Participant: 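Quick one: this structure, given as structure tokens, is what I'll be asking you about.
Reckoned from all heavy atoms, side chains included, excluding hydrogens, waters and symmetry mates. Reminder, nothing fancy here: chain letters follow the sequence lines and each chain counts from 1. All values reported here derive from a predicted model rather than from experimental measurement.
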There are 4 protein chains.
Amino acid sequence: MIKVGIIGSTGYAGAELVRLLLQHPQAQIVWYGSKSYVDQKYANIYRNMFDLLDEKCMNDDMEALSKKADVIFTATPQGLCASMVNEKILTHSRIIDLSADFRLKSVDVYEKWYQRRHESPKYLREAVYGLCEINRSKIASARIVANPGCYTTASILALYPLVARRLIDLNMIIIDAKSGASGAGRGLKVGNLFCEVNENIKPYGVTTHRHTPEIEEQLSYAAGMKYHAGEGVRINFTPHLVPMNRGILATCYATLNRWANAKMIQDAYKEFYQKELFIRLLGKDTFPETRWVEGSNFVDIGFTVDERTGLVIVASALDNLVKGAAGQAVQNMNILFGLEETMGLSLVPVFP
Amino acid sequence: MIKVGIIGSTGYAGAELVRLLLQHPQAQIVWYGSKSYVDQKYANIYRNMFDLLDEKCMNDDMEALSKKADVIFTATPQGLCASMVNEKILTHSRIIDLSADFRLKSVDVYEKWYQRRHESPKYLREAVYGLCEINRSKIASARIVANPGCYTTASILALYPLVARRLIDLNMIIIDAKSGASGAGRGLKVGNLFCEVNENIKPYGVTTHRHTPEIEEQLSYAAGMKYHAGEGVRINFTPHLVPMNRGILATCYATLNRWANAKMIQDAYKEFYQKELFIRLLGKDTFPETRWVEGSNFVDIGFTVDERTGLVIVASALDNLVKGAAGQAVQNMNILFGLEETMGLSLVPVFP
Amino acid sequence: MIKVGIIGSTGYAGAELVRLLLQHPQAQIVWYGSKSYVDQKYANIYRNMFDLLDEKCMNDDMEALSKKADVIFTATPQGLCASMVNEKILTHSRIIDLSADFRLKSVDVYEKWYQRRHESPKYLREAVYGLCEINRSKIASARIVANPGCYTTASILALYPLVARRLIDLNMIIIDAKSGASGAGRGLKVGNLFCEVNENIKPYGVTTHRHTPEIEEQLSYAAGMKYHAGEGVRINFTPHLVPMNRGILATCYATLNRWANAKMIQDAYKEFYQKELFIRLLGKDTFPETRWVEGSNFVDIGFTVDERTGLVIVASALDNLVKGAAGQAVQNMNILFGLEETMGLSLVPVFP
Amino acid sequence: MIKVGIIGSTGYAGAELVRLLLQHPQAQIVWYGSKSYVDQKYANIYRNMFDLLDEKCMNDDMEALSKKADVIFTATPQGLCASMVNEKILTHSRIIDLSADFRLKSVDVYEKWYQRRHESPKYLREAVYGLCEINRSKIASARIVANPGCYTTASILALYPLVARRLIDLNMIIIDAKSGASGAGRGLKVGNLFCEVNENIKPYGVTTHRHTPEIEEQLSYAAGMKYHAGEGVRINFTPHLVPMNRGILATCYATLNRWANAKMIQDAYKEFYQKELFIRLLGKDTFPETRWVEGSNFVDIGFTVDERTGLVIVASALDNLVKGAAGQAVQNMNILFGLEETMGLSLVPVFP
């Protein structure tokens with residue numbers, strides 16, 4: 001039985017970790033960390049857990065926690081994990097960080113996009129980017145896994161084969177992404193209120209969203225390129241807020257290279273993903289919808305080629321709290337501990 | 001492995017049966033019956049099942065089906081099950097009917113409220129009302145289980161202990177119920193369109209809703225009374241349509257009997273439900289919300305006593321597609337076949 | 001041109017006042033009061049007003065404001081209006097208070113239900129309860145109008161004729177009410193977040209909601225009764241939160257008196273409301289829905305008699321921000337200043 | 001008083017025409033045409049109109065109608081208007097066609113994208129494309145006004161100044177559009193049901209949506225180019241369905257020409273739209289949201305330049321039933337009859 005501690009267990013991603021781990025046959029949660037609800041019963045905060053668990057929330061003391069847990073999930077705001085991690089902790093526990101602290105390899109890029117100092121740059125090199133389908137083998141032996149962002153998982157998985165096989169122009173990929181409201185977390189902001197989100201769609205963070213460099217960096221690696229300022233794959237990333245609880249749809253636009261065609265795209269997807277149990281290839285001309293993956297760890301991918309304009313349009317859909325956060329984190333845990341990668345994650349999507 | 005056939009597998013309740021049974025360790029679906037989609041791949045109709053099942057829809061020939069299946073679920077419009085069932089079928093298979101055909105013991109009451117002739121009155125007597133928590137032992141040996149309605153499950157379970165212990169006035173119980181839109185099914189009616197349901201709440205079927213006699217009959221039995229015209233427990237049932245996919249909330253109002261009090265209510269709930277794994281007693285002054293049970297087989301119940309008016313207010317919440325339909329049907333199957341009652345149903349509610 | 005000041009113009013009710021008054025031919029807003037946004041441009045806070053108004057928010061200094069305005073609307077939390085009002089202010093301006101400070105005639109009842117001291121009890125007697133259809137003539141000469149609550153407007157108007165004509169049992173009326181999320185205001189609470197309200201229905205404030213005594217008091221007057229503890233009409237009021245922006249539906253249950261019948265109910269409604277331009281009588285067996293009144297000042301009322309149980313079921317629907325708050329406030333302003341009562345309020349409901 | 005007939009008054013666009021015209025001081029509806037509801041009271045179909053109008057639905061006999069009406073609105077499926085219009089009708093009435101029959105100048109393009117024969121090609125030349133802000137002077141003297149599509153109004157107005165001033169590359173503009181569900185109309189399709197639209201976002205009509213050539217044609221004219229196969233501005237248009245009733249957001253991506261910059265974009269918008277009463281320029285770095293225009297005839301436009309990639313990102317928002325359909329149609333009527341262009345359309349957006 002893997003002993004699990006969660007720091008930030010009372011945010012939406014943390015609560016989803018709890019939901020998944022309660023149904024995981026080889027995991028046991030030993031620490032429900034929280035900043036705001038210490039000493040309160042977890043099931044009073046998330047009443048879906050009523051009768052299912054009796055524990056109280058603990059503080060976010062990562063050192064104390066590391067003595068009890070084989071693995072620590074940090075579902076916390078940017079900077080917290082980086083400010084806490086140290087060798088002592090890493091001796092006891094592996095860390096799966098759901099924040100962005102260890103996703104970017106360059107301190108400069110991190111500090112520019114996140115507008116904060118990085119407090120543990122020394123761990124950046126060894127941390128492994130936890131996009132399971134791509135980095136599986138490296139993840140297995142990592143001490144720190146940087147769990148990817150929700151938008152980035154959707155975007156990178158949609159584009160990876162096309163970039164790796166150089167089927168599209170790497171100088172300009174446009175990703176128009178749409179997310180449900182749980183992506184914004186449980187924070188108290190006017191913009192998160194029901195009446196502000198409901199019956200509305202809006203772009204936000206245009207040209208400045210922090211998932212931009214994360215996507216560019218990983219796609220650059222896919223293309224066999226380095227990623228610094230001025231080099232590597234170039235994208236524009238524009239997210240939108242949609243009035244629904246869960247789900248991300250990433251609609252990606254790229255120019256098909258002259259030598260490429262729809263068949264080659266189809267083949268590339270098959271080559272990379274045919275054996276992947278959490279990626280469902282809808283094929284040409286069938287597009288994903290968020291409702292078909294809700295509650296599950298699936299990523300659905302479909303594409304077409306616009307013969308009139310020479311564009312490839314790829315869309316991917318996932319549940320931002322599962323494959324976009326907690327599900328992928330559990331998948332990483334399974335890899336870290338040598339379990340079946342799908343353990344606890346064979347969830348049939350819930351519809352309607 | 002129990003072989004399962006579903007007639008009406010392409011409605012919402014049928015699709016939920018598929019979702020639950022795919023995750024059930026002892027069940028295997030051998031027949032995906034459908035009226036409208038014969039020969040089409042099931043996963044093309046419900047794309048959440050993409051890659052998860054490859055079968056095509058079959059017709060609704062119950063006789064042919066009965067030769068292949070140990071149990072048949074009928075998730076069909078009123079009348080269909082009653083028009084098909086016969087001794088030959090019952091020799092091979094047990095039937096769990098999700099329609100109302102076998103819920104009411106009296107043909108007259110059925111024909112009055114449903115405005116249609118009953119085509120198999122001879123099976124009414126032997127059919128067992130499949131409210132698991134109440135009729136568990138009778139269900140075990142039934143050939144036909146009449147799976148309760150969604151509103152009725154919520155209403156009866158909320159009131160059963162109070163009625164059985166005669167803590168409330170049985171001459172007038174008011175049930176103001178609220179349901180998500182999946183309760184209306186996948187039928188093509190203007191009233192089911194997104195723009196008609198969204199941003200709206202409305203009462204419907206006031207004084208005429210067909211779940212009324214079903215609730216009255218079962219509560220009458222709870223009170224040890226007969227149920228015919230003029231006798232038995234008397235309720236008013238008023239349902240409302242709420243702009244959400246899933247969930248039923250039943251807010252029940254009854255007059256506390258003079259000799260009764262909150263403590264006795266609390267005790268009655270404990271007496272009846274303490275050991276029930278799918279009923280969660282929130283206790284006095286804590287009220288259920290549909291979001292806390294979504295996707296699960298739980299019924300949450302809370303109550304209070306209004307000292308000013310002498311009313312007891314009880315509210316119950318469940319997921320209309322799970323405990324209100326497919327989940328309870330699977331629970332009935334588990335009972336029929338001697339399995340753990342919770343098998344395949346230990347689902348943690350999904351929030352948000 | 002009536003000069004209007006609004007204290008609390010940046011809450012939802014305040015913003016609706018702005019929307020309505022901008023379209024009112026005889027009103028001019030001279031003061032956009034706000035606690036949180038002083039000196040910020042109003043159209044930056046409510047971007048629907050972009051290009052339509054250029055003013056900045058002012059503070060909530062009611063004395064300064066009273067020198068500029070003929071009428072002051074206070075769309076503020078409980079207690080604020082009572083803490084500010086004084087003779088000097090009332091010399092210059094009339095006050096239409098959208099909070100509950102002057103709705104209840106008894107200080108004791110106020111302090112019990114609102115759990116706060118009343119700071120201006122001396123004005124309680126003269127303040128007029130601003131339910132236009134009932135108190136029209138008294139309102140015309142009032143200095144302080146207590147604009148009714150949203151739930152109370154829906155509930156009282158639904159029941160008034162039945163109570164006044166004694167067609168129903170006054171000892172127990174049950175009001176099961178449902179409201180959209182804007183009724184909870186723009187305050188930052190977890191319970192108001194999109195993901196908490198969406199896909200959910202819940203009861204709240206059961207037996208303790210503050211609109212209870214307000215409804216009882218006014219219905220007691222309708223019946224020609226006094227209202228103190230123990231006397232007068234008795235109701236149970238149970239509100240529910242519905243995932244929609246606007247709208248209130250009040251479903252009311254009462255026992256028909258033995259001498260009464262549906263025809264008498266119909267007649268009573270006609271007698272009281274036939275000439276009312278904002279009350280639409282749907283008649284027997286047709287029930288209101290919130291979508292049909294959205295954005296307008298209408299109250300729709302329908303009813304039926306449940307012959308089986310002897311209950312009268314009445315339902316009313318209104319837009320909580322219009323007839324339930326800002327619209328009724330403007331209607332009160334029209335009455336105060338001798339204008340056509342419908343001026344600025346002839347809004348066709350917006351659907352879908 | 002302008003006498004108005006509506007063919008297709010019982011669809012959502014038709015119902016919005018009714019809402020707007022009821023509040024228009026110079027218009028009177030004399031014919032509520034309908035295919036499905038002949039002889040039924042209009043207010044029974046759209047109960048928001050209860051007490052506001054007493055008329056019954058008529059059939060869709062355009063000739064009979066033309067004798068009574070100065071102007072006919074056709075809010076009907078593709079092909080109907082083209083199949084009915086003739087000289088006799090045009091002698092009596094002007095036609096504002098909300099379908100696509102007269103929007104494209106080329107029969108070939110129409111027949112290719114709409115997959116149907118055009119039945120009145122002879123009127124294509126004289127019909128005027130009714131995008132008021134662009135074609136105002138031509139509209140004034142038209143007999144047939146082709147009211148633009150909802151997506152096209154949003155897209156063309158967003159891009160017009162940039163195309164006309166050649167600030168962006170005309171070989172490839174990507175429009176990622178998002179629409180509320182009322183855009184799909186009141187038709188009975190599974191895809192329009194509440195449970196299918198709610199909690200979901202999906203792309204549809206990718207590379208094949210019929211608004212594509214309409215946008216290309218008009219933008220080609222803006223650029224002073226012809227539009228046939230192979231010539232003119234080239235776009236990719238990808239629409240998405242969003243779970244909300246109303247609203248369109250068009251997020252447009254184009255490559256900034258080398259000689260252009262943000263200042264020139266700003267200036268171009270001002271040059272073209274500064275005096276337009278229904279276009280609100282949010283300026284650089286402020287993006288529109290559909291909630292801020294709901295219920296109104298406004299189009300809000302914002303933009304930014306992504307310095308990293310050289311992209312211009314422009315977004316526009318409008319209410320698809322108002323500026324995207326009925327509102328623009330009324331605006332066209334105002335122009336046709338020499339009225340103030342804003343008459344009946346000075347609607348403050350409704351929020352929340």
Side-chain angles (χ1 to χ4, degrees), chain A residues 171-174 176-180 193-204 206-208 212 216 229-230 234-238 240-249 251 253 255 285 287-292 294 302-311 313 315 317 350-352, chain D residues 171-180 193-204 206-208 212 216 229-230 234-238 240-249 251 253 255 285 287-292 294 302-311 313 315 317 351-352:
Chain A
N171 293 304
M172 171 61 76
I173 300 170
I174 292 170
D176 185 295
K178 297 91 178 166
S179 173
L193 295 179
F194 181 82
C195 291
E196 312 284 323
V197 174
N198 190 36
E199 296 296 295
N200 189 39
I201 181 163
K202 68 167 180 183
Y204 67 97
V206 184
T207 76
T208 62
T212 308
E216 285 188 342
R234 183 69 17 123
I235 68 156
N236 172 272
F237 176 72
T238 304
H240 298 75
L241 182 61
V242 178
M244 58 186 190
N245 282 348
R246 289 169 178 243
I248 279 181
L249 182 81
T251 315
Y253 303 89
T255 303
D285 295 334
F287 283 88
E289 311 185 18
T290 59
R291 60 176 164 159
W292 301 128
E294 195 175 327
F303 77 98
T304 199
V305 172
D306 186 3
E307 303 293 349
R308 296 172 60 254
T309 60
L311 276 185
I313 298 134
V350 180
F351 172 82
Chain D
N171 293 304
M172 172 59 77
I173 300 170
I174 291 169
I175 302 170
D176 186 294
K178 297 92 178 167
S179 174
L193 296 178
F194 181 82
C195 291
E196 312 284 324
V197 174
N198 191 36
E199 295 298 293
N200 188 40
I201 180 162
K202 68 167 180 183
Y204 67 98
V206 184
T207 76
T208 62
T212 308
E216 286 189 342
R234 184 68 20 122
I235 68 157
N236 172 271
F237 176 72
T238 303
H240 298 74
L241 183 61
V242 178
M244 58 186 191
N245 282 347
R246 290 171 178 242
I248 279 181
L249 182 81
T251 316
Y253 303 89
T255 304
D285 295 333
F287 283 89
E289 311 183 19
T290 59
R291 62 177 163 156
W292 301 128
E294 196 177 326
F303 77 98
T304 198
V305 171
D306 186 4
E307 303 292 350
R308 295 172 60 255
T309 60
L311 276 186
I313 298 134
F351 172 82

Participant: Using every non-hydrogen atom in the two residues, find where A/C195 and D/F351 come nearest and quote the distance to one decimal.
Facilitator: O-CE1, 3.5 Å
Participant: Determine the option with the most heavy-atom pairs under 4.5 angstrom with chain A, choosing from D/F194, D/F287, D/W292, D/Y204.
Facilitator: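 The residue among D/F194, D/F287, D/W292, D/Y204 with the greatest pair count is D/F287.
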Participant: If I compare all heavy atoms of A/P203 with all of D/P288, which pair ends up nearest, and what's the gap?
Facilitator: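 The answer is CD-O, 3.3 Å.
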Participant: Nearest 0.5 Å please: distance from the CD1 atom of D/I174 over to the OG1 atom of A/T251.
Facilitator: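 Going from the CD1 atom of D/I174 to the OG1 atom of A/T251 covers 11.0 Å.
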Participant: Quick check for you: to the nearest 0.5 Å, what is the distance between D/D285 atom CG and A/T208 atom OG1?
Facilitator: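 If I round to the nearest 0.5 Å, the distance is 9.0 Å.
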Participant: Between A/T309 and chain D, with a heavy-atom cut-off of 4.5 Å, which part of the residue counts as in contact: side chain, backbone, both or neither?
Facilitator: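 Both backbone and side chain.
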Participant: Which residue out of A/N171, A/T304, A/T238 racks up the most heavy-atom pairs below 4.5 Å with chain D?
Facilitator: A/T238
Participant: Which region of A/I201, side chain (C-beta onward) or backbone (N, CA, C, O), has a non-hydrogen atom less than 4.5 Å from a non-hydrogen atom of chain D, or is it both or neither?
Facilitator: both
Participant: Between A/E196 and chain D, which part of the residue has a heavy atom less than 4.5 Å away: side chain, backbone, both or neither?
Facilitator: both
Participant: Quick check on D/L241 against chain A: is it the side chain, the backbone, both or neither that has a heavy atom closer than 4.5 Å?
Facilitator: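 Interface part for D/L241: neither.
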Participant: Considering non-hydrogen atoms only, spot the tightest contact between A/R291 and D/E199 and give its length.
Facilitator: CB-O, 4.0 Å
Participant: Could you check which of D/G247, D/P243, D/G302 has the highest count of heavy-atom pairs closer than 4.5 Å to chain A?
Facilitator: D/P243
Participant: Applying salt bridge (Lys or Arg N to Asp or Glu O under 4.0 Å), name anything that partners D/E216, two or more places apart in sequence or on another chain.
Facilitator: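 By the salt bridge (Lys or Arg N to Asp or Glu O under 4.0 Å) rule, D/E216 matches A/R308, D/R234.
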Participant: Could you tell me whether the side chain of A/T207 and the main chain of D/D306 form a donor-acceptor pair under 3.5 Å?
Facilitator: no
Participant: Restricting to side-chain hydrogen bond (donor to acceptor under 3.5 Å, both in side chains), what partner residues turn up for A/N245, sequence neighbours left out?
Facilitator: C/N198
Participant: Atom CD1 in D/I235, atom CG in A/L311: separation rounded to 0.5 Å?
Facilitator: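 D/I235 atom CD1 to A/L311 atom CG measures 11.0 Å (nearest 0.5 Å).
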